[in-house]
Amino acid sequence: MNAGPPHWRLAPNLAIRPFPLASPSPMQPVISVKNLSKTYASGFQALKDINLEIGKGEIFALLGPNGAGKTTLISIICGIVTPSSGSVTVDGHDIITDYRAARAEIGLVPQELTADMFENVWSTVSFSRGLWGKWDNPAYIEKVLKDLSLWDKKDDKLMTLSGGMKRRVLIAKALAHEPTILFLDEPTAGVDVELRQGMWQAVRALRDAGVTIILTTHYIHEAEDMADRIGVINKGELILVEDKAELMHKLGKKQLTLQLHQALDKVPAELASHHLALANGGSELIYTYDTQGPRTGITGLLTDLSAAGIRFKDLDTTQSSLEDIFVDLVRQDRQ
Amino acid sequence: MNINLPAIRAIYKFEMARWGRTFLQSIVSPVIATSLYFVVFGAAIGSRITEIDGISYGAFIVPGLIMLTLLTQSVANASFGIYFPRFTGTIYELLSAPISPFEIVVGYVGAAATKSILLGLVILGTAWFFVPLEIAHPWWMVGFLVLTAVTFSLLGFVIGLWADGFEQLQLVPLLIITPLTFLGGTFYSIDILPPVWQTVSLFNPVVYLVSGFRWSFFEIADVGVGISVAMTLFFLCVCLVAVWWIFKTGYRLKS
């Protein structure tokens with residue numbers, strides 16, 4: 001993606017670093033991470049002083065490039081990785097000293113397709129329910145499998161299922177004990193479009209049922225569609241946590257593209273104050289404006305264009321996506 | 001005390017189901033192997049060996065053969081049971097579930113011990129086809145069977161947690177357990193060894209297991225029964241400490 005034009009900057013209150021604390025969750029926090037750091041035995045520091053609160057019933061999307069620390073953060077909260085320092089509470093229960101109560105609330109869908117390939121769907125999902133301390137409930141397991149379109153596969157061995165099906169089995173396993181918090185670590189990796197949409201429908205239904213959902217995804221448009229709040233993590237640091245709509249509003253830029261009747265060699269001097277850019281061999285003029293500003297400046301631009309005798313045959317506006325914002329954030333953090 | 005019973009049951013059931021899926025390998029092959037031992041050692045070689053302490057050679061080797069199966073199967077079942085989730089990555093479920101190390105051990109070791117005890121009884125049943133048997137102290141026999149199965153299942157569990165590949169998983173059973181079992185008086189009384197080797201044999205923990213177990217059958221033993229029980233319990237404690245340390249430190253489990 002091209003860097004933003006000179007006048008487009010991060011809003012001052014969203015300066016990348018230092019970013020002392022995540023913005024407070026609007027809802028009652030169900031997960032509270034305080035000063036969490038993790039250094040592996042190799043010396044690699046995967047997480048640096050993370051502070052984060054996740055509200056009850058929200059969908060929180062954790063974004064970051066590969067190796068940013070997303071999975072380490074999730075793994076610590078779920079009890080798979082030991083933190084080096086800091087604390088985490090889940091629904092008020094410390095994940096170390098009160099791990100039973102904390103873990104009982106959580107369901108985890110891991111990034112890797114790890115499953116007992118020789119087991120059938122029904123038994124592996126029932127196994128997960130038992131591990132989380134719940135006695136058999138065939139009616140509930142049946143509902144989970146039906147919701148995930150796995151019912152007709154219940155007697156099939158996992159090794160015979162497609163990648164997308166296996167992914168859904170992992171979701172069914174995570175839901176088998178009726179968790180109130182669900183972690184989805186790259187849940188749609190390797191899943192085809194149709195299945196992916198079905199999966200997100202299921203996730204929305206869970207959120208509607210009051211389940212808190214924390215997801216990581218490489219498909220940023222999914223976060224854009226699904227999430228209530230966004231967290232961006234890079235090199236082990238949480239560089240931003242923001243309400244998604246607020247983030248799009250604050251950091252989103254809008255572009256007006258004018259298709260000209262006659263191509264220009266350069267932007268006329270009398271239009272310099274509008275910071276225009278030429279594109280497509282001079283046949284398009286691009287004007288980027290701040291969605292937050294009191295005035296967009298479009299009226300003034302059109303007036304000046306008319307005064308300069310520049311005519312256009314069509315116009316189009318586009319708004320930056322979360323992906324654009326994410327890439328810019330990470331790039332600025334690197335600099 | 002708060003115990004996650006459904007989790008213990010889930011692990012136990014899962015492990016027993018895995019055993020059922022590999023019925024031929026799990027039950028039929030040890031029975032065939034034991035039958036071969038009877039044919040070779042009991043009938044072919046045994047017919048040329050005089051009685052040992054008034055017991056026919058065929059009968060004498062029965063407790064040793066049961067122990068041989070018990071030790072190897074306990075180690076194999078328990079080590080594979082916990083190593084396989086580590087290998088496939090499904091260990092994440094055990095680590096993220098609200099389950100204590102104690103409950104994990106009870107589930108896996110309980111299942112492994114159950115399998116090897118059942119196998120031990122199947123071997124005993126097979127032996128009855130070949131030699132007439134009378135068990136002098138059946139409750140002691142069952143006691144030794146259970147204690148040994150649990151102890152060596154714990155050892156297998158430790159090996160399964162320690163192993164970093166299938167080769168390592170096979171290493172301890174092949175290079176340590178099997179030789180110690182063969183040299184532990186399975187097929188002979190250590191009294192028939194030269195004095196030096198008798199002393200060396202006393203450093204072999206399997207000698208105490210086989211001796212105690214054989215005593216429960218025929219009231220003959222290489223070492224005192226009390227010492228056999230004490231040594232078995234000592235070995236059980238060593239394995240328990242090793243498992244406790246692994247879960248406390250997260251060795252090979254957590255990063």
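Each chain gets a letter, A, B and so on, in the order its sequence line appears, and its residues count up from 1.
Annotation: the span from K166(A) atom NZ to K153(A) atom NZ amounts to 12.0 Å, rounded to 0.5 Å.
Of the residues considered (A7(B), G89(B), A97(B)), A97(B) shows the highest number of contacts with chain A, using heavy-atom pairs under 4.5 Å. By number of non-hydrogen pairs under 4.5 angstrom with chain B, the leading residue of F127(A), F118(A), Y99(A), W132(A) is W132(A). Interface summary for chain B: among A174(A), S128(A), A101(A), the most heavy-atom pairs under 4.5 angstrom belong to S128(A). Chain B forms more heavy-atom pairs under 4.5 Å with one residue of K134(A), E119(A), K173(A), M117(A) than with any other, namely E119(A). For chain A, the option among T90(B), I104(B), L94(B) with the highest count of heavy-atom pairs below 4.5 Å is T90(B). Most heavy-atom pairs under 4.5 Å with chain B: of the set I77(A), T124(A), D116(A), this distinction falls to D116(A).
The pair D164(B)-R86(B) meets the salt-bridge criterion, with a side-chain N (NZ, NE, NH1 or NH2) lying under 4.0 Å from an Asp/Glu carboxylate O. A salt bridge links K115(B) to E15(B): one of the charged nitrogens lies within less than 4.0 Å of a carboxylate oxygen. Salt-bridge check for E178(A) with R129(A): passed, with a basic side-chain N closer than 4.0 Å to an acidic carboxylate O.
Neither the backbone nor the side chain of I106(A) comes within less than 4.5 Å of any heavy atom of chain B. Residue R18(B) does not touch chain A at all, counting heavy-atom pairs closer than 4.5 Å. For I8(B), no part sits under 4.5 Å from any heavy atom of chain A, backbone or side chain.
The heavy-atom pair separating V158(B) from C239(B) by the smallest distance is CG2-O, 4.2 Å.
Annotation for W135(A): atom CH2 counts as buried by contact number, over 12 foreign heavy atoms lying within 6.0 Å. Counting non-hydrogen atoms of other residues, nucleotides and ligands closer than 6.0 Å to NZ of K143(A) gives a total of 12 or fewer.
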